[in-house]
Amino acid sequence: MLKISRIILAIVAVVLSGYSLITKNFESMPSLMLCLGALVLVIGVAELQKGPKQLWGYINIIASVFVFFVSIQWFLLN
């Protein structure tokens with residue numbers, strides 16, 4: 001299940017970033033950041049499932065919380 005989620009989120013992130021780069025329209029950046037935050041969260045959970053002492057899993061989860069916080073602020077302020 002995590003592998004499928006990771007693939008879908010990666011494809012959505014690539015499509016959104018490609019759209020932003022080609023059209024020079026950066027209004028989809030908050031959505032892209034939410035997608036990337038979810039992708040990093042899924043990667044962190046997958047790392048933690050490998051073993052309890054996986055430091056990169058915790059680092060990924062902390063990074064995803066920060067990205068969620070920034071993207072939610074961007075949604076609320078704009």
Listed partners of [X] passing side chain to side chain donor-acceptor pair (under 3.5 Å), at least two apart:
{"X": "K3", "answer": "none"}
{"X": "S5", "answer": "none"}
{"X": "S31", "answer": "none"}

CD1-CH2 distance between I61 and W56, expressed to the nearest 0.5 angstrom =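 It is 13.5 Å, given to the nearest 0.5 Å.
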
Under the 4.5 Å side-chain heavy-atom rule for ILVMFWY, direct or indirect, which residues accompany M1?
->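 Other cluster members: none.
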
Members besides V65 in its Ile/Leu/Val/Met/Phe/Trp/Tyr cluster (side-chain heavy atoms under 4.5 Å) | none

Tell me, which pairs form a salt bridge (Lys or Arg N to Asp or Glu O under 4.0 Å) where one or both residues lie in residues 55-78, sequence neighbours left out?
-> none

Pair up each side-chain donor or acceptor in residues 8-23 with any protein partner under 3.5 Å, not counting sequence neighbours, and list the distances.
{"residue": "S17", "atom": "OG", "partner": "A13", "partner atom": "O", "Å": "2.9"}
{"residue": "S17", "atom": "OG", "partner": "V14", "partner atom": "O", "Å": "3.0"}
{"residue": "S20", "atom": "OG", "partner": "L16", "partner atom": "O", "Å": "3.1"}
{"residue": "S20", "atom": "OG", "partner": "S28", "partner atom": "OG", "Å": "2.9"}
{"residue": "T23", "atom": "OG1", "partner": "Y19", "partner atom": "O", "Å": "2.7"}
{"residue": "T23", "atom": "OG1", "partner": "N25", "partner atom": "N", "Å": "3.4"}

Which donor-acceptor pairs under 3.5 Å do side chains of residues 39-52 form with protein atoms, sequence neighbours excluded?
{"residue": "E47", "atom": "OE2", "partner": "K50", "partner atom": "NZ", "Å": "3.2"}

Donor-acceptor contacts, no H, no angles, side chain residues 70-77, under 3.5 Å, sequence neighbours left out:
{"residue": "S71", "atom": "OG", "partner": "V67", "partner atom": "O", "Å": "3.1"}
{"residue": "S71", "atom": "OG", "partner": "F68", "partner atom": "O", "Å": "3.1"}

